[in-house]
Novice: 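To start, I am sharing the structure in question, which I have written as structure tokens.
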Amino acid sequence: MYTVATAAGGGMGSTLIMIVIMVAIFYFLLIRPENKRKKQAEEMRSSLKKGDWLTTIGGVYGRVVSITDRTVVIETSEDRVRLEFLKSAIGNVGTLDEQAAAAQQRGVAGRRAAATAKEEIEETAVEVEETSDETEE
């Protein structure tokens, strides 16, 4: 016999599936890419060495003169103007031409990564639908 409790259980299962799909979407589109960017930025900052060219997040461009655990001193011009920044203030490493080429390459890679993430989410949604269809039968 079909009861109200059985009908509510079926609706609850589809709601649970939708919540799982939303969590997967948030993970693949927001959380995972952000963690990758943070890891790459930390690796970039830890691999700095004297003589590297860099741009800070504020737009100051210069050559690394000295490095400590927390700070970097850069020379911004031929007048030997030196500024000290926290390592967290470093935006990009490399000459301006290298930075422009890397930014262009990241744009292409970003579009590819978004397409891959979209495919993974669609595959997950299909698998979840198949599983829910099997449980309903």
Side-chain angles (χ1 to χ4, degrees):
M1 174 175 254
Y2 188 76
T3 63
V4 176
T6 308
M12 183 102 156
S14 63
T15 303
L16 184 61
I17 291 169
M18 292 304 293
I19 291 172
V20 169
I21 290 172
M22 292 300 292
V23 168
I25 290 171
F26 277 116
Y27 177 75
F28 284 111
L29 294 179
L30 298 174
I31 298 168
R32 188 173 173 214
E34 184 62 28
N35 288 341
K36 282 185 176 182
R37 275 188 290 259
K38 285 180 183 178
K39 186 176 180 181
Q40 288 174 342
E42 186 60 37
E43 289 173 1
M44 178 257 312
R45 290 176 182 130
S46 66
S47 68
L48 278 175
K49 58 188 179 295
K50 193 174 178 179
D52 285 347
W53 289 91
L54 61 84
T55 303
T56 66
I57 56 175
V60 179
Y61 180 70
R63 187 171 32 93
V64 176
V65 177
S66 70
I67 303 171
T68 65
D69 289 341
R70 295 187 59 219
T71 62
V72 175
V73 177
I74 65 171
E75 196 170 88
T76 60
S77 68
E78 292 181 16
D79 293 337
R80 297 191 176 246
V81 175
R82 294 182 178 197
L83 300 170
E84 185 174 13
F85 292 95
L86 290 174
K87 280 188 176 180
S88 60
I90 297 170
N92 295 310
V93 175
T95 63
L96 292 176
D97 293 334
E98 291 171 348
Q99 291 176 21
Q104 185 178 14
Q105 190 176 27
R106 276 193 309 268
V108 171
R111 287 189 292 274
R112 287 184 191 145
T116 303
K118 182 179 176 185
E119 290 172 6
E120 289 176 0
I121 290 169
E122 289 172 353
E123 289 173 8
T124 304
V126 168
E127 290 172 4
V128 169
E129 283 182 17
E130 290 173 357
T131 305
S132 68
D133 291 341
E134 291 173 4
T135 57
E136 288 177 6
E137 294 175 357

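These numbers come from a predicted model, not from an experiment. The chain is numbered in sequence order, starting from 1.
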Novice: Rounded at 0.5 Å granularity, tell me how far OG1 in Thr55 sits from CD1 in Ile74.
Specialist: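 Nearest 0.5 Å value for the OG1-CD1 distance: 8.0 Å.
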Novice: Distance check, rounded to the nearest 0.5 Å: Lys87 atom NZ versus Leu54 atom CG?
Specialist: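 Output value for this atom pair is 11.5 Å.
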Novice: Should Glu34 and Arg37 count as an ion pair when the cut-off is N to O under 4.0 Å?
Specialist: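 Yes, charged N to carboxylate O under 4.0 Å.
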Novice: Specify the closest pair of heavy atoms between Ile90 and Arg45, including all atoms of both residues, with the distance to one decimal.
Specialist: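 That would be O-NH2, 3.0 Å.
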Novice: Linking I/L/V/M/F/W/Y whenever their side-chain heavy atoms sit closer than 4.5 Å, directly or via other members, would Trp53 and Met44 fall into one cluster?
Specialist: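 Unlinked, Trp53 and Met44 end up in two clusters.
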Novice: Got a second to check how far Ser46's OG is from Glu42's CD, nearest 0.5 Å?
Specialist: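 It comes to 6.0 Å.
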Novice: Distance from Thr68 atom OG1 to Leu86 atom CG, nearest 0.5 Å?
Specialist: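 Result: 8.5 Å between the selected atoms.
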Novice: Okay, side chain of Arg82, backbone of Val73: is any donor-acceptor separation there less than 3.5 Å?
Specialist: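 Here the side-chain-to-backbone pair does not exist.
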Novice: In terms of hydrophobic clustering (I, L, V, M, F, W, Y; side-chain heavy atoms under 4.5 Å; direct or indirect links), are Val72 and Ile57 co-clustered?
Specialist: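 Different clusters: Val72 never reaches Ile57 through Ile, Leu, Val, Met, Phe, Trp or Tyr contacts under 4.5 Å.
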Novice: Return the minimal non-hydrogen interatomic distance between Ser77 and Val81, and the atom names on each side.
Specialist: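 Looks like OG-CG2, 3.8 Å.
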Novice: With Ile19 as reference, evaluate Ile21, Thr15, Ile17 under the side-chain contact (heavy atoms from CB on, under 4.5 Å) test and give the passing residue.
Specialist: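 Single side-chain contact (heavy atoms from CB on, under 4.5 Å) partner of Ile19 among Ile21, Thr15, Ile17: Thr15.
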Novice: Is there a path of hydrophobic side-chain contacts, each under 4.5 Å between heavy atoms of I/L/V/M/F/W/Y residues, joining Tyr61 to Leu48?
Specialist: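 Different clusters: Leu48 never reaches Tyr61 through Ile, Leu, Val, Met, Phe, Trp or Tyr contacts under 4.5 Å.
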Novice: If you look at every heavy atom in Val65 and Glu75, which pair is closest and at what distance?
Specialist: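 Heavy atoms of Val65 and Glu75 come nearest at CG2-CB, 3.5 Å.
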Novice: Would Phe26 end up clustered with Leu16 when hydrophobic side chains under 4.5 Å apart are linked, directly or stepwise?
Specialist: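 No, Phe26 does not connect to Leu16 through the hydrophobic network.
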Novice: Which distance, rounded to the nearest 0.5 Å, do you find between the CE of Met18 and the CD1 of Ile25?
Specialist: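 Answer rounded to 0.5 Å: 7.5 Å.
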